[in-house]
Amino acid sequence: RRQVRSLEGEGVHGGAVVLIEVASGAIRALAGSPDYAEARQGQVNCAYRLRSPGSALKPFAYAMALEQGMITPSTILSDRAVAYAEYLPDNYSGEFLGEVSARYALSQSLNVPALHVTEQVGLVPFVGTLRKLGLNGIGKPARHYGLSIVLGTGEVRLVNLANAYAALARGGVYREVRLLEQDAPGDGRVLFFPETAYLVADMLSEGESTAQGVGHSADSGLPRVAMKTGTSNGLRDAWAFAYNPEYVVGVWLGNPAGASSPALVGLEAAAPLAFRVMRSLYPNGEGPWFERPDGVGERTVCSMSGMRPGPACAVTASDLYIRGVSMANRCNACGDGQCAQSSRPRGK
């Protein structure tokens, strides 16, 4: 209620929050609106309304690419202007950054790299995975949505999407969400390797991604969390998801009738509330984090290409990878000191 009241002057009157316990899949708290008695459709439970998720589906495309060995966190992706028929995607900032690492592209929610990743894993398999994650609002054929589904052209429910993130927090195991205490825990269904889930969480816990919302974790008293936001086209929905091994917090802010507002930006409107809930769960700022699976290794890669360094690679970095799965190609992009001279904004 406090968060929505702070935005009422900009035309925001609705919101919903859900808190899911990772181990059991149980909903431990749910607010479907700021005030049930509110005249502006306060009796609409927006935790169960179908809304556009914006960029909040991107982690699942990256998870599929990691799972299939197509990328590692340091793989270099292109963030340059591209055309898909008449569709010309851009970033929220309106700028392109050139070549960036997959880690940077996901943590900064860049659109063109996400489209490339979705194209790489395949539109039909991606939509199929979203449905396996319980996002049953995405019911039309994959071609209806196109690659831009990764940017929010489908519709999801807050409860279902928070539960999809719970699958990542559970090491890749999906369970049906439990609304009532007497509901029996659902059987687990493995959708991702534990190694994949770990790498996604690591990529989403970049300091820069949380700093924009609340300041660096060390300065704000916030425990380490994986975080992803979403902003729908037309500024009608602001989303934020924060999770660790124990809890997933999902936040949606908007208007039940779908009215837009310039304040409905995920990072600015929804993320502070998600972090506030997380901070209340861990008032001392000390929360659990994921243990690195034995199947996740660390290796040296070329900073320019993200591949195993060749003899001409002058600048290298450390990268995490899935043993026996991640690609192991040797860099052939460097020569004559080209690595050291490159000034492209590759991110971390």
Donor-acceptor contact present, side-chain R308 to main-chain R330, <3.5 Å: no

Whether over 12 other heavy atoms sit under 6.0 Å from Y87 OH: yes

S280: partners by side chain to side chain donor-acceptor pair (under 3.5 Å), with sequence neighbours left out: none

With V4 via side-chain contact (heavy atoms from CB on, under 4.5 Å) - residues at least two apart: E8, P34, L253

Side-chain donor-acceptor pair present, S261, E10, cut-off under 3.5 Å: no

ILVMFWY cluster membership beyond Y92 - transitive side-chain contacts under 4.5 angstrom: L235, V265

Salt-bridge present (D294, R323; N to O < 4.0 Å): no

All side-chain contact (heavy atoms from CB on, under 4.5 Å) counterparts of V296, not counting sequence neighbours: E195, Y198, L199, R292, P293, L320

Within the 6.0 Å centroid threshold, strictly below: Y165 and F60: yes

Nonpolar side-chain network containing V173, other nodes, edges under 4.5 Å: V190

Hydrophobic cluster of L88, others only, ordered by chain and residue number, side-chain cut-off 4.5 Å: none

With E181 via side-chain contact (heavy atoms from CB on, under 4.5 Å) - residues at least two apart: R28, R178

Pairwise side-chain hydrogen bond (donor to acceptor under 3.5 Å, both in side chains) hits with a residue in residues 234-243, at least two apart: R51-D237, S232-D237, D237-W252

With sequence neighbours excluded, residues passing side chain to side chain donor-acceptor pair (under 3.5 Å) with N45: none

Residue pairs involving residues 140-153 (criterion side-chain hydrogen bond (donor to acceptor under 3.5 Å, both in side chains); sequence neighbours excluded): none

Residue list, side chain to side chain donor-acceptor pair (under 3.5 Å) with S24, at least two apart or on another chain: E21

For E246, salt bridge (Lys or Arg N to Asp or Glu O under 4.0 Å) partners two or more places apart: none

Joint cluster assignment, V159 & L50, ILVMFWY side-chain distance < 4.5 Å: no

